[in-house]
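Here is the structure we will look at.
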Number of protein chains: 2
Amino acid sequence: MAGTDRLRQITDAVRSAGRAGVAELAALTGASEMTIRRDLEVLAEQGILERYRGGARSLLLRGEEPPFALRTQEGLDAKRRIAAEVAGLIADGESVVLDSGTTCLEVARVLEHRRLTVVPLSLHAVNALAGAAQLTLLVPGGRPRQGELALTGPLTQASLAALRFDTAVIGCCGLTAADGLTAYDLDDAAVKRAAIASSRRVIAVAEAAKLTRTALAFVTAASALDAVVTDETATDEETDRLAAAGVTVRKV
Amino acid sequence: MAGTDRLRQITDAVRSAGRAGVAELAALTGASEMTIRRDLEVLAEQGILERYRGGARSLLLRGEEPPFALRTQEGLDAKRRIAAEVAGLIADGESVVLDSGTTCLEVARVLEHRRLTVVPLSLHAVNALAGAAQLTLLVPGGRPRQGELALTGPLTQASLAALRFDTAVIGCCGLTAADGLTAYDLDDAAVKRAAIASSRRVIAVAEAAKLTRTALAFVTAASALDAVVTDETATDEETDRLAAAGVTVRKV
DNA sequence: CGTAGCGAACAAATATTACGTTCGAAAGAT
DNA sequence: ATCTTTCGAACGTAATATTTGTTCGCTACG
């Protein structure tokens with residue numbers, strides 16, 4: 001799909017200016033106005049922007065998390081490498097709780113043909129694993145959040161409380177030695193905590209960018225993590241601080 | 001896809017004869033042997049048949065339930081009509097538990113844009129409803145059964161026990177006044193019972209063919225049902241008996 | 001060790017999707 | 001109320017993906 005690139009352009013333009021006109025976007029992308037309108041329709045459906053006559057305004061507040069569909073594409077290579085590394089840390093036969101988020105989705109894809117018990121906390125991962133014959137898939141209950149399809153709420157908490165895992169693979173929005181592992185969404189954070197509480201070992205996955213960020217909801221201190229897998233662009237400064245907190249850090 | 005028709009032909013031929021050769025199937029369908037081999041590969045992956053050198057043998061035991069992918073297509077019209085009728089019986093704002101099975105999947109599709117709280121017992125229905133903005137989707141926990149993707153097990157039971165519904169829409173494998181509502185799978189039957197136990201009103205959906213069948217696992221007596229929606233090809237004989245048991249019967 | 005069947009690789013045909021253009025209708029401006 | 005602009009449905013075309021057939025070296029089985 002050549003349109004993906006254009007959708008990105010439109011999203012960026014609308015987000016940075018707050019709003020943009022159809023003609024303007026057509027000139028920017030080189031596509032016809034009709035195509036732009038169709039794109040805007042798609043993006044509006046994803047909740048990324050809001051249409052008005054003649055253009056669209058951004059619904060993405062600065063500082064807010066960009067939508068899932070966008071994040072899946074970003075740094076895909078790094079995510080794949082991280083996922084492969086995580087897969088290497090998990091032994092056959094283990095039971096694993098797999099957090100929501102795009103990085104964890106890549107982990108799901110890598111685990112598809114392994115002999116494991118996996119409990120994914122996002123429907124995206126559930127779908128990725130639904131066809132796997134070897135793997136024992138267990139779905140926790142919960143309310144899927146729009147777009148993200150992350151399961152949260154009392155049903156999720158109850159499901160996790162009823163289970164015990166060898167390993168938790170946890171994604172995050174921010175992770176620093178000082179502020180610990182943080183998330184944007186409070187409900188998500190509660191689920192992550194429940195997953196960690198039911199697990200013997202915790203592996204956090206975080207692209208380099210996240211090691212310099214702190215999000216709203218505190219999940220757990222860095223010292224509670226057993227391992228962090230990040231990508232090679234992470235600075236030693238950050239990773240050394242995590243290592244000092246007693247975490248095994250892997251850059252890939 | 002023109003191939004769907006051919007897959008059906010192959011499935012039928014292999015099932016009725018027990019096994020069939022590649023050349024034979026190529027002659028039957030008018031396709032090349034290579035195409036037949038590819039088809040057999042697909043069907044083998046779905047667990048419908050088993051390949052051997054020169055052909056394939058059926059894995060579908062007589063009397064056993066055919067796989068999900070096949071059943072979705074069968075009597076689709078009747079299922080759609082039944083689904084529309086069920087949708088009419090449900091008022092906005094209700095909370096609904098929606099059983100697994102192909103007929104209930106059609107019900108899910110019809111409910112997509114309604115303002116309801118829906119708890120589907122199959123991941124197929126979950127996926128059909130995941131994009132719906134109006135609708136409050138709640139996923140029960142559980143272990144998805146291969147192909148069917150029906151959620152079963154203690155997690156499902158626990159999720160259902162924690163909820164109360166206005167309406168349960170229940171599918172079945174067999175439904176007669178004498179034997180009640182029955183299912184092929186014991187775990188499924190347990191989930192159906194739990195769903196019924198948490199619901200104020202129970203609507204059963206059943207194509208006409210099911211009104212003459214009885215499957216292994218007993219779920220509930222016909223008298224426990226509030227309504228049955230079936231298609232027009234159902235005989236009065238059957239529907240009258242159900243009506244006599246105190247069930248409202250709708251033929252569409 | 002020969003032969004029938006297999007499946008990878010390539011090529012052709014076909015279906016699907018994306019895109020642009022036109023045009024009648026609707027929204028907003030004057 | 002009228003005019004202008006934008007919208008989106010409908011259609012045709014181009015690009016792309018999927019399906020199907022053919023060839024050919026390889027493998028399993030007799």
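All heavy atoms count here, side chains included; hydrogens, waters and symmetry mates do not. Just so it is clear, the structure is predicted and the values come from calculations on it, not from any experiment.
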A:Glu106 and its salt bridge (charged side-chain N to carboxylate O under 4.0 Å, His left out) partner, picked from A:Arg81, A:Arg71, A:Lys79, A:Arg80: A:Arg80
Separation of atom CD in B:Glu33 from atom P in D:dT19, rounded to whole Å: 21 Å
Could you tell me whether the phosphate oxygens of C:dG5, OP1 or OP2, come under 4.0 Å of any side-chain nitrogen or oxygen in B:Arg51? no
Could you state the CD-C1' distance from A:Glu45 to D:dG8, rounded to the nearest angstrom? 15 Å
Between A:Arg38 and B:Val22, which has a closest nucleotide on DNA chain C that is more 5'? B:Val22
From OH of A:Tyr52 across to C1' of C:dG28 the rounded distance in Å is 14 Å
Calculate, to the nearest 0.5 Å, the distance between atoms CG and CD belonging to B:Leu49 and B:Glu41 respectively. 11.5 Å
Could you state the interatomic distance from NZ (B:Lys192) to SG (B:Cys172), rounded to the nearest 0.5 Å? 7.0 Å
Quick one: A:Met34 CE to C:dC23 C1', roughly how many Å, whole number? 12 Å
When you check the phosphate oxygens OP1 and OP2 of C:dG20, does a side-chain N or O of A:Thr35 lie under 4.0 Å from one of them? yes
Identify whether any heavy atom of A:Gly55 sits under 4.0 Å from a base atom; if not, whether one sits that close to sugar-phosphate; answer base, sugar-phosphate or nothing. sugar-phosphate
Can you check the B:Asp39 CG to C:dG7 C1' distance for me, whole Å? 14 Å
For C:dA29, take OP1 and OP2 only and decide whether either is under 4.0 Å from a side-chain N or O of A:Arg53. no
Return the value, rounded to whole Å, for the distance between atom CD1 of B:Ile36 and atom P of C:dG5. 14 Å
Among C:dA8, D:dT6, C:dG20, find the nucleotide with the atom closest to the side chain of A:Arg37. D:dT6
Could you state the atom-to-atom distance from CG of A:Leu7 to C1' of C:dC19 in whole Å? 13 Å
Tell me: CD of A:Glu41 to P of D:dT6, nearest whole Å? 18 Å
If you apply the rule side-chain hydrogen bond (donor to acceptor under 3.5 Å, both in side chains), what do you find for A:Thr156 with A:Ser159, and how did you get there? CA-CA 5 Å; A:Thr156 314; A:Ser159 295; over 6 Å; no
How far apart are the closest heavy atoms of B:Pro140 and B:Leu151, and which atoms are they? O-CD1, 3.6 Å
